[in-house]
Trainee: 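The structure is given below, and queries will be raised subsequently.
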Amino acid sequence: MEFGPYLMLAALEGAVTAAVLALMAAGLSLVFGVMRVVNVAHGEFYMLGAVLAFVVAGMAGGGALGFVAALVAVPLIVGALAVAADVTVLKRVGYDPERTIVATIGILYILQQVTLMGYGPDARPVAAPFNQRIALPWVEWGAGGPSLYWPWGLSITSYKLFVIGAAVVVLAGLWVLMTRTRIGLVMRATQLDRETAQAFGIPVERVYALVFGLGAGLAALAGVLIVPIQQAHYLMGGDALLLSFIVVIIGGLGSLPGTLIAALLIGLSDGILSVFFSPTLAKIVATLLVALVLVFRPQGLMGKAPR
Amino acid sequence: MNARILALHGGLLALLLALHFLLPVYHHGNLARIMVLACYAIGYNLLFGYTGLLSLGHAMFFAAGMYGMGMPLYHLGLGAELAFLAGIAAAGGLALVVGLLALRTVGVAFMIVTLMFSQAFYLAILLAVRWTRGDEGLVLAGADRVLFGLDLTDPDIRYLLALGLFALCLSAALWLVRRPFGRVLVAIRENPERAELLGYDIFRHKLAAVVLSGLFSGAAGAAYGLMFGYVGASFAEVHFSIFPLLWVLLGGAGTVIGPFFGVLFMFYLIDISSGLTPAYMLVAGVALVLLTLFAPQGLVGEVRRRWLRWLP
């Protein structure tokens, strides 16, 4: 294959990664933006989404119906679980940033170990509801002007296109929710000034529980969407957490548009970087870069400097 | 120094010496490990408990001490004494570099930056398979593990040396936190703005705390590798950064003897629970959540709050 089609293939795969990453990072960013706490257990909600997708799809009889059932039910289940964690633990440590990190590390261990005990150490797939291969054309400039041809291997499945589309729809929905609805207004008010919001009669604790559940639900949705492409495994949360941390930090903590741009950047460059470097070296470079971005530009690339 | 403080800490060391002659073999071996890990926890506590800086990347200092000791010993045939010093120096150097960079951030960003550096360090160990042997790690030959003519494969010598190292770390920590330097660290923890207003150079004090903490952790790592003959990448994983946090929280942050009791309690909690269930991480997770909820001050911290106000 020539370089051009190869790059396009890498970019398409990167776009799928970016779509899933954007969903997950949007959840993390939302929680950080509104509640000002870092949820270390976020990766486990993603893992739980994938694992529960396997369970729910199995219970609903598999096939397309099973997948749809998982897509609807799993984010709700995980969201409810997160709300329960918020009310029983986070609320009681008073959303203190450091104690919340310690508590969510504890929740991470609990979720991981319970999954290991209930689901086992195996990686398991869920069948995609539809999975046609779509060959893609490439333009070639020959003697008689540009012409289209179909290079061997340049293709994408309809399911991957669906993942990209679904992520775009959900993120657009999230944006509408945050900017055009009453709930979004309440969330943004809480984000700007917790005390004043409370003084105006906003039930801040309920907003926090809702935001935490919404964030976890987004991660779980990302998990459900990825299962037909990657299998569900109880340790899959760690890498995903690291990547979404990277996205949220580079995009600027708490900024949704920044998160989206960073997800595209990281998703695309991840596909292309791992072509040129060994995966371990690529990870080291990415990790160090993020640390240095935080050191020298703590507000992120798109974030505003703190007032 | 206050007599009762001296009596308490000296008493603990004397008790540990007495246990050397009393304990059955299994617990004797456990306690040697616990004392070395307690040195790591003491180092972590210096930064977290006294200076108020929560690092999520201390495994890199522990592992730097371990690999800084193990690699020259394994590849260059350096004597155990020099290799031990090389390990401590490696950890101190790494702590200086990490401190210079990471201390530009505060709060949550500091945690994430240390976490990222530590992750990069762990991945680097995996990448340099030629020298570190990656996941497998280095197994140190018994013949190399001789410190000043003392054979470290002998459990009795191991216990006494672990006790010696622990005594050294405990008294160094006690001395440090009771000096003006230690008081300034506490002032920085309680109110950095006021400490700065009083004319203290906050950055330098924090940097000194990071380096000291790195040295303690590196010494523990080097000693652990030397005593138990294994240098492995698993000691650089995220879990091994979480453990000292857990130990210190459990034992009591900002107390000198707290870290030891934290390690002791956690070690036996996992030891006993892993006999009942393979899910020891579940125990660790539940312990963390319960701790943040009900005993933010830890065991010794709770004792200090209720009865012994004078505890350093």
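Source: prediction; values computed, not measured. Within every chain, numbering begins at 1; the chains are lettered A, B, ... in the order of the sequence lines, protein sequences first and strands thereafter.
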Trainee: Can you tell which of L282(B), V113(B), L54(B), V286(B) has the highest number of heavy-atom pairs within less than 4.5 Å of chain A?
Mentor: L282(B)

Trainee: Among S241(B), S213(B), S118(B), which residue meets the side-chain hydrogen bond (donor to acceptor under 3.5 Å, both in side chains) test with H58(B)?
Mentor: S213(B)

Trainee: So which pairs with a foot in residues 101-122 of chain A pass salt bridge (charged side-chain N to carboxylate O under 4.0 Å, His left out), sequence neighbours left out?
Mentor: D122(A)-R124(A)

Trainee: At a 4.5 Å cut-off on heavy atoms, which part of L108(A) comes close to chain B: side chain, backbone, both, or neither?
Mentor: neither

Trainee: Is chain B contacted by the side chain of I101(A), its backbone, both, or neither, given a heavy-atom distance below 4.5 Å?
Mentor: side chain

Trainee: Would you mind checking which part of T88(A) comes under 4.5 Å of any heavy atom in chain B, side chain (CB onward), backbone (N, CA, C, O), both or neither?
Mentor: backbone

Trainee: Quick check on L56(B) against chain A: is it the side chain, the backbone, both or neither that has a heavy atom closer than 4.5 Å?
Mentor: side chain

Trainee: Got more than 12 heavy atoms from elsewhere within 6.0 Å of CZ, R188(A)?
Mentor: yes

Trainee: Locate the shortest heavy-atom distance separating M47(A) from Q112(A); write the atom from each residue and the value.
Mentor: CE-CA, 4.2 Å

Trainee: Based on non-hydrogen pairs under 4.5 Å, which of L246(B), T105(B), L101(B) is most in contact with chain A?
Mentor: L101(B)

Trainee: Taking the side chain as every heavy atom from C-beta outward, state whether R36(A) and Q191(A) have any pair of such atoms under 4.5 Å apart.
Mentor: yes

